[in-house]
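Here is how names work: the chains are called A, B, and so on, in the same order as the sequence lines, proteins then strands, and each is numbered from 1. Hydrogens, waters and symmetry mates are skipped; everything else that's a heavy atom, side chains included, is used.
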2 protein chains.
Amino acid sequence: MDRIPILKMGHFLLVTIQVDLYDRLALSLENDLINMVSQVDAKGVLIDISAVSIVDSFMGRILGNIASMTKIMDAETVVVGMQPAVAITLVELGLTLSGVHTALNVEKGMELLQKRIGKDQTGEEEDYDSND
Amino acid sequence: MDRIPILKMGHFLLVTIQVDLYDRLALSLENDLINMVSQVDAKGVLIDISAVSIVDSFMGRILGNIASMTKIMDAETVVVGMQPAVAITLVELGLTLSGVHTALNVEKGMELLQKRIGKDQTGEEEDYDSND
């Protein structure tokens with residue numbers, strides 16, 4: 001396995017992380033995602049981490065990086081399916097995933113993305129669900 | 001990693017296979033999928049195998065099993081994202097994935113599922129895209 005598949009669904013991209021993100025895999029994921037956002041004109045990226053039970057500062061940084069990169073490309077990133085234990089660990093590590101939006105599951109994540117895209121188009125600025 | 005995450009998207013379930021399906025993992029995937037189909041009243045199952053580059057008869061059998069099981073539960077299974085080399089290998093192995101529908105990518109798979117569900121409701125029987 002040298003690549004994590006990125007699924008295109010309408011204007012959104014969906015990535016499911018099921019394996020440990022070691023350095024090279026994480027870099028190629030960042031690369032692939034940014035290229036795909038540009039290629040397919042994606043408005044949002046959903047990252048499902050429901051299979052991730054162990055998290056470290058590296059994973060936290062990668063998620064933050066992806067969110068920052070896609071933001072520059074005018075797409076929003078939502079991390080979905082986080083296990084409670086992972087949330088606890090992230091906060092204990094001092095990683096608050098700044099700039100990353102979160103939702104309980106893929107469906108809620110899609111709703112959030114759709115709302116945010118609509119909001120961007122109308123120019124509102126209320127940021128009720130972000131960790132910015 | 002002892003479980004493959006199953007994502008619920010409306011009436012469909014989405015599974016991305018990124019790791020080698022050894023015996024126990026395959027059995028737990030079958031189990032989880034069937035339980036989830038029943039729990040959320042799913043009408044279709046999408047299995048993305050775009051990350052699978054090596055296929056053997058075991059994998060072929062598992063896909064066939066899942067399709068047969070979900071069929072009994074009144075849900076359709078569509079395998080999406082198959083790499084050309086995998087299709088070649090499957091046919092050379094004599095596995096034609098009978099009963100499994102296929103589509104080029106997740107979007108086309110969803111369209112196919114939506115068409116098939118609509119068709120089931122109107123009672124038509126034309127089976128233009130199946131390998132039955």
Taking the side chain as C-beta and beyond, is there a heavy-atom pair between A:L14 and B:V106 under 4.5 Å? no
Treating Ile, Leu, Val, Met, Phe, Trp and Tyr as nodes and any side-chain heavy-atom pair under 4.5 angstrom as an edge, say whether B:M69 and B:V40 lie in one connected cluster. yes
Segment of B:N105 engaging chain A (4.5 angstrom heavy-atom cut-off): neither
Using side-chain contact (heavy atoms from CB on, under 4.5 Å) as the criterion, list what pairs up with A:L113, not counting sequence neighbours. A:F12, A:L46, A:E76, A:V78
Would you mind checking which part of A:I54 comes under 4.5 Å of any heavy atom in chain B, side chain (CB onward), backbone (N, CA, C, O), both or neither? neither
A:G10 and B:E107 have their tightest heavy-atom pair at N-OE2, 2.7 Å
Connected via hydrophobic side-chain network under 4.5 Å: B:I88 and B:V52: no
Who passes side-chain hydrogen bond (donor to acceptor under 3.5 Å, both in side chains) against B:Q114, sequence neighbours left out? none
